[in-house]
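Worksheet for the structure shown next.
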2 protein chains.
Amino acid sequence: MLGESIRLRSSGIGVRYIERFPVKGAVVMTTIVDVARMANVSVSTVSHVMNGTKKVSDGTRLRVENAIRTSNFTPHPVARSLRSGRTKSIGLIASDTGQYIFGQMIAEVERGTRRAGQTLLLANSDEDREQEKKVVQTLLDHRVDGMIIAPVADSDPEIFERCAAAGCPVVVIDRTSEPGFDQVGIDNRSAMSSLTKHLIDIGHTDIALIAGDLGVWTIQERIVGFRQALQDAAVPSLHGEVIPTERGLVDGQSEIEILLQREPRPTAIIASSGLLTLGALRAFRSQNLSVPEDIAFVSFDGVMNSEFFEPKLTCFIHPVERIGQEAISLLQRRLADPQAPAETVQVPGALFHGTSCGCDGTVPLILEVSSSSD
Amino acid sequence: MLGESIRLRSSGIGVRYIERFPVKGAVVMTTIVDVARMANVSVSTVSHVMNGTKKVSDGTRLRVENAIRTSNFTPHPVARSLRSGRTKSIGLIASDTGQYIFGQMIAEVERGTRRAGQTLLLANSDEDREQEKKVVQTLLDHRVDGMIIAPVADSDPEIFERCAAAGCPVVVIDRTSEPGFDQVGIDNRSAMSSLTKHLIDIGHTDIALIAGDLGVWTIQERIVGFRQALQDAAVPSLHGEVIPTERGLVDGQSEIEILLQREPRPTAIIASSGLLTLGALRAFRSQNLSVPEDIAFVSFDGVMNSEFFEPKLTCFIHPVERIGQEAISLLQRRLADPQAPAETVQVPGALFHGTSCGCDGTVPLILEVSSSSD
DNA sequence: TATTGTGAGAAAAACGATTCGCTGCTTAAT
DNA sequence: ATTAAGCAGCGAATCGTTTTTCTCACAATA
């Protein structure tokens, strides 16, 4: 059949042949029935041998195992799923899979699923509430065994309800504010608090936080940490300010430029995310301000290749890989024991002491772990 | 049923109760049978209405559509796949999904599948030949309708045969050297040739190419482009050299350091990949060489956030998004028409003229499109 | 001896769709 | 008037497993 040439049409001139493209897809796969026939047993026996669901005598088991091996049979996962109701696949929804921070995380989640013999369905919510709703539904339709979601800023609570209704366990990433869910993130408050405290410790009294989108829960938490540090310092004449930016994936450059033109301008600036850090650096450049001489700068998140920046960023580093690992391990635990109590994991990040804060390095930069979890 | 408390065991002391965790997963989904009953038709009719596989009278079609809507029924994809043999899912295998360059590509592929109503199975080959073989098999077992593979350096040809045998169309990414396959990549030769030519044009006569792993096809192509440019220049006393590095994901810093300590050292260096670019920058720093004063530098690939580097990199920029888009569109075409001739797409990249090459900017940097495709 | 139990396997019923073939019934063609 | 064709819809087979139930032979117990 393959490569057979067929007559297409005959014209007046002669006969025209075309080579038929090798037709693939007509491959017959060996099924459990074939195996059963080979081993002279019933299909149920084969199934029991494969799954160990029932005792089978040594003799027949050997025969079956042999038949499986010589025919190198693998059970059809689709058929298996249909009967068992389990797909051995898990879904991962990120708001922007192209972002570097998510790429790292995705890689860890993928590794985890692969190790567990599951497959990973990846979907992107494009940082859009409706899109997120749609992809959640798609993954539910596909009957994934579980889901890991990095929710968009203003995500619809309905998505969680739908998952619950479908009996699909969910692990929430980044946010740790959904009661009753397994979730993993960082301690936004104490991390931001540490950064702020460091600036205060080295003498700054006019600090601005480039906050980002105030509607996002993690941003709100970071602001709380910022305010807490200011309050704890109890320094008179200490002035702190929170600068919001436009919503969405913006670097906030224009907002920061306006801030920098103020008189007097703040002596230190904190950027609340990696993207805002880039915006800040752009703004410094456009205003011809050098860091840390003209202004001190620290950032909440590292940015890629910042080792080549001048100056080096003093920053909190987001433990992305660790978050991915914890997420998939939480999900596996939940799948193994659906009734376990919901767990919230806050993974520790790290502080990197660069030169952008402008201190001589003698003032320590310490991540204080907040003991209160409220 | 939910939250019902059940007696567990009675001891001598009394009766012990535990609260049963709300049992999820016992949700009954509405099936095509329910819809058929609601609309007073047979299941086959419902199916035909959904798929448009047969003419159904307006009256009954309306009844069926109504029933579907009010019960908001969605067909079980697993059951559908089992019967139809198609899963409406496609697989993507990358050698390191965490790398930024792949992240961008994955995002594009995901978008493409989503638009087509398919789901994306993501797997990582960890830049390992055996791992790659394994994940290919896994995806085949899952009966993906098609696959996009960014193969590892020394990938086993068997994986392609297996896909072909299973009737699963494959699009190869990055490499464009597999005859008979749909594939997409860049024109490595002409891109590298352009970079080399630029260095020659501005007067360099001692140029070293930090090549990377010589076993990788794309690297070999870039070397060909390098040599071609040297030859075409026909400048006497022109000296070009190819420096290989250790295999695997290494930045080549140590190799480059050794090179830089030579007397006389090359006057210009080309890095053949983004990772090697980072290694080169590290080496320059450790040897206290400044670019472009002490040595000129251009790189084959951009690296993230290089806008903040000093100096700015003169480089060829890999069109990752475009590659992802082309890959998924090739696959869709193949799925629509399995017999179409195999297509190889070379997408154009771009050159960025920074300051690291050390020219005054008056010498043009032009990407020459090679007309010969051999 | 009659009953009960037990263990190994076979048979059959799901799972939820698609798809082939058949049945009446109406309409067109001979 | 008789046959052929077309239409709308139904019933049943099918995809490849898992899982429940049934059978049958043999051993153990009363």
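Convention: sequence-line order gives letters A, B, ...; per-chain numbering from 1.
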How long is the line joining [atom1] of [X] and [atom2] of [N], in whole Å?
| X | N | atom1 | atom2 | answer |
| --- | --- | --- | --- | --- |
| A/Asp141 | C/dG16 | CG | P | 14 Å |
| B/Asn40 | D/dC10 | CG | C1' | 13 Å |
| A/Arg61 | C/dG9 | CZ | P | 10 Å |
| B/Met50 | C/dT19 | CE | P | 11 Å |
| A/Lys88 | D/dT17 | NZ | P | 14 Å |
| B/Leu82 | D/dT18 | CG | P | 12 Å |
| B/Arg37 | C/dA17 | CZ | C1' | 15 Å |
| A/Ile68 | D/dT17 | CD1 | P | 10 Å |

Roughly how far apart are [X] [atom1] and [Y] [atom2], rounded to 0.5 Å?
| X | Y | atom1 | atom2 | result |
| --- | --- | --- | --- | --- |
| A/Cys168 | A/His142 | SG | NE2 | 13.0 Å |
| A/Glu108 | A/Glu321 | CD | CD | 6.0 Å |
| B/Asp141 | A/Met29 | CG | CE | 8.0 Å |

Side-chain contact test, heavy atoms from C-beta onward, threshold under 4.5 Å: evaluate it for A/Glu178 versus A/Pro151 and give yes or no.
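The answer is no; the side chains never approach within 4.5 Å.
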Donor on one side chain, acceptor on other, B/Gln131 and B/Ser125, under 3.5 Å
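B/Gln131 vs B/Ser125: no donor-acceptor pair found between side chains.
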Is the phosphate of [N], meaning OP1 or OP2, less than 4.0 Å from a side-chain N or O of [X]?
| X | N | result |
| --- | --- | --- |
| B/Thr60 | D/dG9 | yes |
| A/Ser84 | D/dT19 | no |
| A/Ser47 | D/dT18 | yes |

Would you mind telling me which residue lines up with the more 5' stretch of DNA chain C, A/Val43 or A/Gly59, judged by nearest nucleotide?
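Closest to the 5' end, via its nearest nucleotide, is A/Gly59.
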Tell me what [X] touches on the nucleic acid: a base, only sugar-phosphate, or nothing, going by heavy atoms under 4.0 Å.
| X | value |
| --- | --- |
| A/Thr31 | sugar-phosphate |
| B/Val41 | sugar-phosphate |
| B/Val78 | nothing |

Selected nucleotide, minimal atom distance to [X] side chain, candidates [options]:
| X | options | value |
| --- | --- | --- |
| A/Pro75 | D/dC10, C/dG9, D/dT17 | D/dT17 |
| B/Ser57 | C/dT18, D/dG16, D/dG9 | D/dG9 |
| B/His76 | D/dG9, C/dT19, C/dG16 | C/dG16 |

Pairwise 5' ranking along DNA chain D for B/Asp58 and A/Ala79, keeping only the more 5' one:
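Per heavy-atom nearest nucleotide, the more 5' residue is B/Asp58.
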Can a donor-acceptor pair under 3.5 Å be found between the side-chain atoms of [X] and the base atoms of [N]?
| X | N | result |
| --- | --- | --- |
| B/Lys54 | C/dG21 | yes |
| B/Ser44 | D/dG11 | yes |
| A/Arg83 | D/dT18 | yes |

Begin with the C-alpha distance, continue with both residues' side-chain angles, and end with the deciding distance and a verdict on salt bridge (charged side-chain N to carboxylate O under 4.0 Å, His left out) for B/Arg129 and B/Asp156.
CA-CA 7 Å; B/Arg129 182 192 175 94; B/Asp156 194 330; 3.8 Å; yes
